[in-house]
There are 2 protein chains.
Amino acid sequence: MRFSHQRESIQSIVYSTNSHPTADWVFQKAKKVVPNISLGTVYRNLKQLEDVGLIKTIYDGNIARYDWNQAPHDHLKCKECGELIDIELIDDDVRRKVKNKYQFEVDDVKMVIIGTCHKHKNKGK
Amino acid sequence: MRFSHQRESIQSIVYSTNSHPTADWVFQKAKKVVPNISLGTVYRNLKQLEDVGLIKTIYDGNIARYDWNQAPHDHLKCKECGELIDIELIDDDVRRKVKNKYQFEVDDVKMVIIGTCHKHKNKGK
DNA sequence: ACTTAATTAGTAATGATTCCTATTATTATT
DNA sequence: AATAATAATAGGAATCATTACTAATTAAGT
């Protein structure tokens, strides 16, 4: 994989935020640096960056979001504001249990906890 | 919500399988019962059935799958065959931890464990 | 500088899902 | 059983996210 100005920009954009951006959000930001970058380039590079292990993809419903955080972690999703919040539960238990009970070789545990964040607790009813 | 032949068929199709079918799979089956049913009807009814709490939606990557199983459970996804396998880990721990640590009201925990199922363990390398 | 192949912009194509509208069917009421 | 009110439908168009295609560009080795 050789150097490209576009990929460098895309990577630094993803690395600049904790907001788990979508491809389109990255595209909008990238245009400010590389004015005539195309959306296809953004997708292609996001995929390459994932292949190389520099970013991770999170599926939020049926839309892809990207995350620079490589450490194993999970997400809280608030159904009021839609925000994805990083959390660390550190449960190696899950891996062990699954391996023993289901003879399943675990690569990755993707957990999203749906609910209401502290900012919106009262708006529930 | 009033009765419809279409919705009844769609529900019984989802309830007839453990394969976590996609909308299109349900559509193909439904055509055998209601020959000129339309895909839009399938989507509309799947959503209604979910609203009413009769089925659940699982996002498998960026494609929606439907599940009749209302009991809290998680899924193993084999990256070789793509199959989604139901599992029960029963960890109320997660709910408690999240509630205390992050002041987050938990509605649902969606966990998908990616890896290799016992049928494909050797094919890994 | 020259060559080679990876990368790009721009656009067309795809696939899943939603939206729109005239018609049909269910349910309550007479 | 006929009527009225309106939820639900079929069929197709529209949308949204993502991928594929292609000629032109560009990084990097020689």
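Remember, it's a predicted structure, so these values are computed and weren't measured experimentally.
Distance, B:Asn62 CG to C:dT17 P: 9 Å, rounded to whole Å. Distance B:Asn45 CG to C:dT18 P: 13 Å, rounded to the nearest Å. For the pair A:Phe3 CZ and C:dT7 P, the interatomic distance rounds to 12 Å; values are reported in whole Å. At whole-Å resolution of the value, CZ in A:Arg7 and P in D:dA27 are 12 Å apart. Protein atom NE2 of B:His5 is 9 Å distant from nucleotide atom P of C:dT26, rounded to whole Å. Here the P atom of nucleotide D:dA8 and the NZ atom of B:Lys47 are 15 Å apart, to the nearest Å. Taking atom CG of residue A:Asp51 and atom P of nucleotide C:dA6, one finds them 15 Å apart after rounding to whole Å. Counting to the nearest Å, the C1' atom of C:dT8 and the CE atom of A:Met1 are 15 Å from each other.
The pair B:Lys99-B:Glu105 meets the salt-bridge criterion, since a charged nitrogen lies less than 4.0 angstrom from a carboxylate oxygen.
Residues A:Val42 and A:Met1 are members of one and the same hydrophobic cluster, defined by side-chain heavy-atom contacts under 4.5 angstrom among Ile, Leu, Val, Met, Phe, Trp and Tyr.
Separation of atoms CD (A:Glu50) and CG (A:Asn45) is listed at 13.0 Å; rounding is to 0.5 Å. To the nearest 0.5 Å, atom NZ of residue B:Lys119 and atom CD of residue B:Glu80 are 12.5 Å apart.
The side chain of A:Gln6 contributes an N or O atom lying less than 4.0 Å from OP1 or OP2 of C:dA9. Within the 4.0 Å cut-off from OP1 or OP2 of D:dA10, at least one side-chain nitrogen or oxygen of B:Thr41 is found. The side chain of B:Gln48 contributes an N or O atom lying less than 4.0 Å from OP1 or OP2 of D:dA8.
For the pair B:Thr22 and A:Ser4, both in contact range of DNA chain C, the more 5′-proximal nearest nucleotide belongs to A:Ser4.
When distances are taken from the side chain of A:Val34 to each of C:dA9, C:dT8, D:dA27, the shortest belongs to C:dA9. Nearest to the side-chain atoms of A:Ala64 among the listed nucleotides D:dT19, D:dT18, C:dA9 stands D:dT18. Nearest nucleotide to the side chain of B:Ile63, out of C:dT7, C:dT17, C:dT8: C:dT17. Out of C:dT17, C:dT7, D:dT9, the shortest distance to the side chain of A:Arg44 is found at C:dT7. Residue B:Arg2 has its side chain nearest to D:dA7 when only D:dA10, D:dA7, C:dT8 are considered. Side-chain atoms of B:Ile37 lie closest to D:dA10 of the nucleotides C:dT7, D:dA10, D:dT9. Distance from the side chain of B:Ala23 is smallest to C:dT17 among D:dA28, C:dT17, C:dA9.
In this structure, B:Asp24 reaches neither bases nor backbone, as no heavy-atom distance under 4.0 Å exists between it and the strands shown. Among the heavy atoms of the strands lying under 4.0 Å from A:Tyr43 is at least one base atom, whether or not backbone atoms are also near. Within the nucleic acid shown, A:Leu39 comes within 4.0 Å of at least one base atom, counting heavy atoms only.
Using the Watson-Crick or G-U wobble rule with both distances under 3.5 Å, C:dT30 pairs with D:dA1.
Remark: side-chain polar atoms of A:Ser12 are paired, donor with acceptor, to backbone N or O of A:Ser9 under 3.5 angstrom.
Using bins of under 30°, 30° to 60° and over 60° for the plane-to-plane angle, the ring pair A:His20/A:His75 lands in the perpendicular bin.
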